[in-house]
Engineer: 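Following this message is one structure expressed as structure tokens.
Naming convention: chains lettered A, B, ... in sequence-line order (proteins, then strands); numbering from 1 in each chain.
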There are 2 protein chains.
Amino acid sequence: MQIGELAKRTGCESETIRYYEREGLLPAPARSSSGYRRYEQPHLEQLAFILHCRSLGMPLADIRLLAGFHQQPAAEPCDRVNALIDQQISRVHSQIEALQKLEIQLQQLRARCDSPHTLADCGILKTLDDAATGEACACHDAS
Amino acid sequence: MQIGELAKRTGCESETIRYYEREGLLPAPARSSSGYRRYEQPHLEQLAFILHCRSLGMPLADIRLLAGFHQQPAAEPCDRVNALIDQQISRVHSQIEALQKLEIQLQQLRARCDSPHTLADCGILKTLDDAATGEACACHDAS
DNA sequence: TGCAAACCCTGTAGCTACTATAAGGTCAAG
DNA sequence: CTTGACCTTATAGTAGCTACAGGGTTTGCA
Ligand SMILES: [Zn+2]
Ligand SMILES: [Zn+2]
Ligand SMILES: [Zn+2]
Ligand SMILES: [Zn+2]
């Protein structure tokens with residue numbers, strides 16, 4: 001199958017497929033006489049593997065490692081697989097925590113302007129300006 | 001003051017300050033005879049304003065707009081300020097939701113390997129491989 | 001046969017918000 | 001007069017694509 005059909009079947013754009021090939025995530029496929037890439041079933045599965053991992057937010061470097069375990073002796077322990085997943089869980093978890101703090105801060109700032117104002121009287125702008133001169137702000141210094 | 005001192009006082013690297021200048025977020029300061037940037041108090045406040053907004057996750061384009069409201073007639077309504085903050089809140093909120101889903105999916109995948117295994121028997125690798133061939137997976141198809 | 005649409009190819013640049021060099025000029029202390 | 005700490009510009013790198021530009025190929029139809 002050509003790249004366009006692989007794209008259609010996986011829901012991944014042709015350009016992304018070529019990008020994965022350049023990055024060494026997908027093996028270079030055979031070419032037709034005119035230079036078109038020709039993919040077989042294993043490529044489709046490899047790409048599906050990559051996209052599945054991407055949908056879990058895994059970085060490409062980790063996916064490369066995960067895919068590489070298929071080339072390793074099957075009797076090896078799987079602790080490095082676990083470590084990759086655990087790492088990703090903790091990355092995601094700390095991102096959630098940081099974003100939750102951010103949301104609270106933003107809502108405290110937003111609360112400074114509840115009724116329609118002019119720019120001159122806007123509690124949001126005032127808070128931001130005051131904070132820039134070193135004063136306490138609703139978003140960062142709330143108790 | 002020179003760029004290094006501004007950097008020290010704000011906790012922002014000199015290179016980032018120059019970057020903000022290139023991006024039009026900080027006005028170009030006066031130069032000494034040898035070409036060194038010389039900053040005054042207003043630059044420090046402007047930079048503090050930017051850094052405060054950045055700490056709330058605001059994109060530079062939005063900060064540019066927020067800062068631009070200072071040049072606008074003060075009698076204008078502040079609804080565009082609110083809109084920027086609301087937009088940021090909803091961006092943050094939807095990121096949180098997406099990451100929370102991700103965390104659950106990752107934990108479901110992780111649960112497939114609870115005791116030490118070999119690569120051949122690893123429930124995580126098996127799940128990923130099966131998903132690549134179209135089968136249901138713990139992470140995406142759990143009820 | 002001729003032509004147009006729909007494919008495909010490579011290579012390059014753009015996106016965000018920095019960060020990190022390289023290669024050089026300036027200034028104050030000792 | 002030299003050392004070290006500053007400063008300058010310009011360029012490239014980061015992650016994961018996405019969007020061209022400028023070309024070649026294949027297929028179908030009149
Ligand atoms: Zn307001
Ligand atoms: Zn604040
Ligand atoms: Zn395992
Ligand atoms: Zn899954």
Engineer: Check the distance between dA15(D)'s C1' and Asp62(A)'s CG and give it to me in whole angstrom.
Structural biologist: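 Spelled out: CG on Asp62(A) to C1' on dA15(D) is 12 Å.
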
Engineer: Answer yes when Arg9(A) and Glu5(A) have at least one side-chain N-carboxylate O distance shorter than 4.0 Å, and no when they do not.
Structural biologist: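 Result for this pair is yes, salt bridge flagged.
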
Engineer: Between Ser94(A) and Arg91(A), which heavy-atom pair has the shortest distance, and what is it?
Structural biologist: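 Closest pair (atom of Ser94(A), atom of Arg91(A), distance): OG-O, 3.1 Å.
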
Engineer: In whole Å, I'd like the distance from the OH atom of Tyr36(B) to the P atom of dA5(D).
Structural biologist: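 In whole Å, dA5(D) P and Tyr36(B) OH are 14 Å from each other.
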
Engineer: Have a look at the helix from dT1(C)-dA30(D) to dG30(C)-dC1(D) and give the angle its two end axes make, five pairs each, rounded to 10 degrees.
Structural biologist: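 One end axis against the other gives 30°.
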
Engineer: Does OP1 or OP2 of dC27(C) have a side-chain N or O of Ser34(B) closer than 4.0 Å?
Structural biologist: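 So the side chain of Ser34(B) is within the cut-off, an N or O lying under 4.0 Å from OP1 or OP2 of dC27(C).
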
Engineer: Of Ile85(A), Asp86(A), Val92(A), which meets side chain to side chain contact (heavy atoms under 4.5 Å, CB included) against Gln88(A)?
Structural biologist: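 Going through the options one by one, the only one that passes is Val92(A).
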
Engineer: More than 12 foreign heavy atoms under 6.0 Å from CD of Glu13(B): is that the case here?
Structural biologist: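 Atom CD in Glu13(B) is not crowded, with 12 or fewer foreign heavy atoms closer than 6.0 Å.
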
Engineer: Tell me whether the count of non-hydrogen atoms from other residues, nucleotides or ligands lying under 6.0 Å of CZ in Arg37(A) goes above 12.
Structural biologist: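 Yes - once you tally the heavy atoms of other residues, nucleotides and ligands closer than 6.0 Å, there are more than 12.
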
Engineer: Which label fits His140(B) and His52(A): parallel for a plane angle under 30°, tilted from 30 to 60°, or perpendicular past 60°?
Structural biologist: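 His140(B) and His52(A): tilted rings.
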
Engineer: Could you tell me how far apart Ile3(B) (CD1) and dA5(D) (P) are, to the nearest whole angstrom?
Structural biologist: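 The answer, rounded to whole Å, is 19 Å.
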
Engineer: Going through the checks in order, is the side chain to side chain contact (heavy atoms under 4.5 Å, CB included) test met by Phe69(B) and Glu76(B)?
Structural biologist: CA-CA 9 Å; Phe69(B) 288 127; Glu76(B) 292 254 314; over 6 Å; no

Engineer: Is it the case that atom CZ in Arg112(A) sees more than 12 heavy atoms from other parts of the structure closer than 6.0 Å?
Structural biologist: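 Atom CZ in Arg112(A) is not crowded, with 12 or fewer foreign heavy atoms closer than 6.0 Å.
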
Engineer: Rounded to whole angstroms, how far apart are CD on Glu5(B) and P on dC6(D)?
Structural biologist: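 That distance rounds to 11 Å.
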
Engineer: Counting any heavy atom closer than 4.0 Å, what does Gln2(A) reach on the DNA or RNA strands: base, sugar-phosphate only, or nothing?
Structural biologist: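 Contact class for Gln2(A): sugar-phosphate only.
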
Engineer: Where along nucleotides 10-20 of chain C does protein come under 4.0 Å, by heavy atom, of base (B) or sugar-phosphate alone (S), with - for untouched nucleotides?
Structural biologist: B------BBSB

Engineer: To the nearest Å, give me how far apart CD1 (Ile17(B)) and C1' (dT9(D)) are.
Structural biologist: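 So the two atoms are 16 Å apart, to the nearest Å.
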
